Amino acid sequence: MKIAVLPGDGIGTEIVAEALRVLEALDLSFETETALVGGAAYEAHGHPLPESTLKLAKEADAMLFGAVGDWKYDKLERSLRPEQAILGLRKNLGLFANFRPAICYEQLVDASSLKPELIAGLDILIIRELTGDIYFGQPRGRRTAVDGHFPGADEAFDTMRYSRPEVERIAHVAFQAARKRNKRVTSVDKANVLETFQFWKDIVTEVGKEYPDVELDHMYVDNAAMQLVKAPKKFDVVVTGNMFGDILSDEAAMLTGSIGMLPSASLNSSNQGLYEPSHGSAPDIAGKGVANPLATILSAAMMLRFSLNQPEAADRIESAVKHVLAQGLRTADIWSAGTTKVGTREMGDAVVAAITKKTITG
Ligand code: IPM
Ligand code: MG
């Protein structure tokens with residue numbers, strides 16, 4: 001098993017270091033190799049996704065990714081910005097299936113801005129298509145308008161598009177995931193306005209016939225955004241396109257009040273995957289040792305489950321995380337009165353201790 005370790009920028013290095021310590025505490029045999037990505041790679045090699053990093057990523061079974069980005073790169077031309085590293089990895093490795101669970105941990109119910117009864121026990125899974133849609137659709141660019149409201153004016157355009165196989169494969173991923181959960185899929189579209197998403201809806205409906213045991217419903221994206229804050233527990237698996245999934249997954253993450261807790265996985269058709277926390281690089285707190293490493297630690301658990309075929313090891317990490325929360329340990333982002341505030345390293349230590357103790361007691 002080979003893991004490409006891509007810490008990236010900002011708090012990326014601190015949180016990935018803790019996830020690696022947790023992995024080492026499991027006594028599994030795997031090889032790791034670290035490479036620069038994002039702004040850090042731009043500084044060293046002049047490109048956010050250097051050839052050497054891409055090569056390592058392709059050879060590995062899985063990638064443990066921290067975060068990329070910093071405001072200081074906002075003025076660079078688009079192809080050199082840190083975000084291109086993550087988009088490039090998605091595209092080059094065909095990581096089309098993005099899993100973004102939003103789970104509300106019992107001890108963190110009060111961290112949400114929603115009423116506790118709305119989110120206690122929340123456990124939804126957003127499945128976002130990750131390599132198509134308006135993010136990657138060609139053509140795109142700038143030109144002089146020949147028609148529209150202002151012929152002759154400068155204009156910019158992107159292309160929203162999906163092919164049948166792209167929609168079919170993500171629909172299968174969603175139905176199969178639902179089978180392991182509460183057997184409900186909500187497909188989110190904008191079929192009332194967009195041709196692309198009428199097509200999406202038709203294909204998801206067709207694929208759904210192969211899964212008669214899974215209940216399928218359809219929701220327009222604006223209504224889905226509303227239902228997510230009104231009655232989030234009504235959802236089980238939500239499947240949607242790249243752009244709607246980007247937006248709804250941030251919304252779903254915030255329902256739990258603690259984006260510092262949420263892992264994610266992006267898989268291709270050979271189960272090679274990129275695992276990263278759902279939060280960003282948080283340059284404002286980088287290097288201070290206060291960032292929450294739990295989302296990255298939980299991403300390592302997803303990596304063990306999805307790409308490295310080690311479900312027991314994944315369970316051990318997840319129970320260790322629940323254990324440290326039950327002990328009352330909290331990083332600043334999830335701290336509340338009556339709990340103990342700890343830093344990045346101490347949180348990592350506590351998870352390692354919980355894992356090691358479990359090993360001894362068998
Ligand atoms: C995400 C991020 C990325 C996206 C950015 C950094 C390109 O927002 O993973 O959700 O838009 O997909
Ligand atoms: Mg996003």
Side-chain angles (χ1 to χ4, degrees), residues 6-12 15-16 36-42 47-49 53-54 57 63-102 124-137 140 158-162 166 170 173 188 221 224-225 228 238-256 258-268 273-284 286 295-296 298-299 302-303 306:
L6 309 174
D9 306 323
I11 59 172
I15 54 180
V16 166
L36 294 174
V37 73
Y42 171 74
H47 196 278
L49 182 59
T53 301
L54 184 58
M63 287 153 271
L64 186 62
F65 191 95
V68 291
D70 193 314
W71 303 297
K72 68 181 181 206
Y73 303 114
D74 284 357
K75 295 218 158 59
L76 287 177
E77 66 168 89
R78 182 174 304 283
S79 66
L80 296 177
R81 288 189 209 158
E83 293 76 20
Q84 294 303 313
I86 186 79
L87 294 171
L89 286 167
R90 289 173 185 170
K91 191 78 205 164
N92 279 285
L93 280 91
L95 305 170
F96 72 93
N98 182 215
F99 290 71
R100 297 193 169 181
I124 61 188
L125 174 61
I126 304 224
I127 296 189
R128 168 186 177 195
E129 198 290 329
L130 205 56
T131 52
D133 201 355
I134 196 164
Y135 267 57
F136 292 98
R140 57 183 279 165
D158 296 276
T159 304
M160 177 177 275
R161 58 192 287 183
Y162 265 122
E166 282 177 298
I170 196 72
V173 167
V188 172
V221 61
L228 267 175
V238 173
V239 65
T240 189
N242 205 346
M243 184 160 66
F244 298 157
D246 178 44
I247 300 164
L248 294 182
S249 62
D250 265 26
E251 189 188 0
M254 248 314 136
L255 295 175
T256 71
S258 45
I259 196 166
M261 297 294 303
L262 300 177
S264 78
S266 305
L267 298 177
N268 66 17
L274 182 147
Y275 298 84
E276 60 174 331
S278 286
H279 58 72
S281 55
D284 51 329
T296 316
L298 290 165
S299 300
M302 285 184 103
M303 173 173 81
F306 287 131

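Only a predicted model underlies this, so the values are computations on that prediction, with no experimental measurement involved. Side chains are part of it too, since the values below use all heavy atoms of this structure and drop only hydrogens, waters and symmetry mates. We count ligands from 1, going down the list as the structure has it; atoms in each ligand are counted the same way.
Tyr73 and Glu83 share no donor-acceptor pair across their side chains, judged by distance under 3.5 Å alone. Inspection of the Tyr135 and Asp246 side chains reveals an N or O donor paired with an N or O acceptor under 3.5 Å.
When non-hydrogen atoms are compared, ligand 1 lies under 4.0 Å from the side chain of Arg100 (C-beta onward) but not from its backbone.
Distance check: Met302 CE to Leu267 CG gives 8.0 Å after rounding to the nearest 0.5 Å.
Of the candidates Leu87, Ile86, Asp246, Leu130, the one placing a heavy atom closest to atom 8 (O) of ligand 1 is Asp246.
Of all atoms in ligand 1, listed by their number and element, those nearer than 4.0 Å to a heavy atom of Glu83 are 6 (C). Taking every heavy atom of Arg128 and a limit of under 4.0 angstrom, the matching atoms of ligand 1 come to 1 (C), 4 (C), 9 (O), 10 (O), 11 (O), 12 (O). Atoms of ligand 1 lying under 4.0 Å from any heavy atom of Arg90, numbered from 1 in the order shown and given with element: 1 (C), 4 (C), 9 (O), 12 (O).
Its N, O or S atom nearest to the Mg ion (ligand 2) is what matters here, and for Asp246 that atom is OD1.
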As a quick check of understanding, evaluate side-chain contact (heavy atoms from CB on, under 4.5 Å) for Leu54 and Asn92, giving each step before the final call.
CA-CA 8 Å; Leu54 184 58; Asn92 279 285; 3.7 Å; yes

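Side-chain atoms of Asp9 come within 3.5 Å of backbone N or O of Ala40 as a donor-acceptor pair. Judged purely by atom type and a 3.5 angstrom limit, Asn242 uses its side chain to pair as donor or acceptor with the backbone of Gly132.
Annotation: atom 4 (C) of ligand 1 to nearest protein heavy atom, Tyr135 OH, 3.4 Å.
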